[in-house]
Enquirer: 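Can you keep this structure in mind? I'll have questions shortly.
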Amino acid sequence: MAKGKRENTSLKCSECGERNYISTRNKKTHPNKLEIMKYCSRCNKMTLHKEAK
(Lines give C-alpha, C1' and ligand atoms only; values in the text may rest on other atoms or scores of the structure.)
Protein backbone atom coordinates (compact mmCIF):
# COMPACT_ATOMS: atom_id res chain seq x y z
CA MET A 1 0.00 0.00 0.00
CA ALA A 2 1.33 3.44 -0.90
CA LYS A 3 1.93 5.88 1.92
CA GLY A 4 0.46 9.34 1.38
CA LYS A 5 2.00 12.71 2.13
CA ARG A 6 -0.94 13.79 4.30
CA GLU A 7 -0.15 15.30 7.69
CA ASN A 8 -2.37 15.97 10.69
CA THR A 9 -3.01 19.60 11.58
CA SER A 10 -5.00 21.07 14.45
CA LEU A 11 -7.58 23.78 13.81
CA LYS A 12 -7.68 26.73 16.21
CA CYS A 13 -10.65 29.07 16.76
CA SER A 14 -9.77 32.60 15.63
CA GLU A 15 -11.89 34.22 18.37
CA CYS A 16 -11.15 32.31 21.60
CA GLY A 17 -8.02 30.37 20.57
CA GLU A 18 -9.25 26.91 21.56
CA ARG A 19 -8.05 23.97 19.45
CA ASN A 20 -11.25 22.11 18.65
CA TYR A 21 -10.60 19.99 15.57
CA ILE A 22 -7.92 17.84 13.93
CA SER A 23 -7.77 17.66 10.14
CA THR A 24 -5.41 16.34 7.48
CA ARG A 25 -4.07 18.00 4.36
CA ASN A 26 -1.40 17.40 1.75
CA LYS A 27 1.24 20.11 2.28
CA LYS A 28 2.75 19.56 -1.14
CA THR A 29 -0.41 20.24 -3.16
CA HIS A 30 -1.95 22.80 -0.72
CA PRO A 31 0.88 25.01 0.59
CA ASN A 32 -1.40 27.66 2.15
CA LYS A 33 -2.80 27.40 5.67
CA LEU A 34 -6.23 25.82 6.02
CA GLU A 35 -9.15 28.09 7.02
CA ILE A 36 -12.64 26.63 7.59
CA MET A 37 -15.85 27.90 9.20
CA LYS A 38 -16.63 25.44 12.02
CA TYR A 39 -18.71 25.36 15.22
CA CYS A 40 -16.85 26.34 18.39
CA SER A 41 -18.37 24.90 21.58
CA ARG A 42 -16.65 27.51 23.75
CA CYS A 43 -17.94 30.49 21.71
CA ASN A 44 -21.24 28.67 21.06
CA LYS A 45 -21.35 29.81 17.40
CA MET A 46 -19.82 29.29 13.97
CA THR A 47 -16.35 30.85 13.81
CA LEU A 48 -13.37 30.79 11.50
CA HIS A 49 -10.90 28.06 12.42
CA LYS A 50 -7.33 28.40 11.17
CA GLU A 51 -4.54 25.86 11.01
CA ALA A 52 -2.28 26.00 14.07
CA LYS A 53 1.31 24.83 14.41
Enquirer: Answer yes or no: is there a donor N or O on one side and an acceptor on the other, between the side chain of Arg25 and the main chain of His30, under 3.5 Å?
Expert: yes
Enquirer: Applying the 4.5 Å side-chain criterion to the ILVMFWY set and letting contacts propagate, would Met46 and Ile36 be lumped into a single cluster?
Expert: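 Yes, it is one cluster - the side chains of Met46 and Ile36 are joined through contacts under 4.5 Å.
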Enquirer: Checking Thr47 side chain against Cys13 main chain: does a donor-acceptor pair fall under 3.5 Å?
Expert: no
Enquirer: Using modelled atom types and a 3.5 Å cut-off, is there a donor and acceptor pairing between side-chain atoms of Thr9 and backbone atoms of Ser23?
Expert: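 Checking the backbone N and O of Ser23 against the side chain of Thr9, a donor-acceptor pair under 3.5 Å is found.
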Enquirer: For Lys27, check salt bridge (Lys or Arg N to Asp or Glu O under 4.0 Å) against everything at least two apart and list the hits.
Expert: Glu7
Enquirer: How many angstroms lie between CG in Leu11 and NZ in Lys38, if you round to the nearest 0.5 Å?
Expert: 7.0 Å
Enquirer: Just verifying a value: how many Å separate His49 NE2 and Ser10 OG, rounded to the nearest 0.5 Å?
Expert: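 Rounded to the nearest 0.5 Å, the NE2-OG separation comes to 10.5 Å.
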Enquirer: Judged by atom type as modelled, is there a donor-acceptor pair below 3.5 Å linking the side chain of Arg6 to the main-chain atoms of Thr24?
Expert: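 Flag set: sc Arg6 to bb Thr24 pair under 3.5 Å.
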Enquirer: Just verifying a value: how many Å separate Arg19 CZ and Glu51 CD, rounded to the nearest 0.5 Å?
Expert: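 With rounding to 0.5 Å, CZ (Arg19) is 10.5 Å from CD (Glu51).
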Enquirer: With rounding to the nearest 0.5 angstrom, report the CG to OH distance, Asn44 to Tyr39.
Expert: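 The OH atom of Tyr39 is 3.5 Å from CG of Asn44, to the nearest 0.5 Å.
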Enquirer: Which residue pairs pass the salt bridge (Lys or Arg N to Asp or Glu O under 4.0 Å) test when at least one of the two sits in residues 8-17, sequence neighbours left out?
Expert: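 Salt bridge (Lys or Arg N to Asp or Glu O under 4.0 Å) check on residues 8-17 returns Glu15-Lys45.
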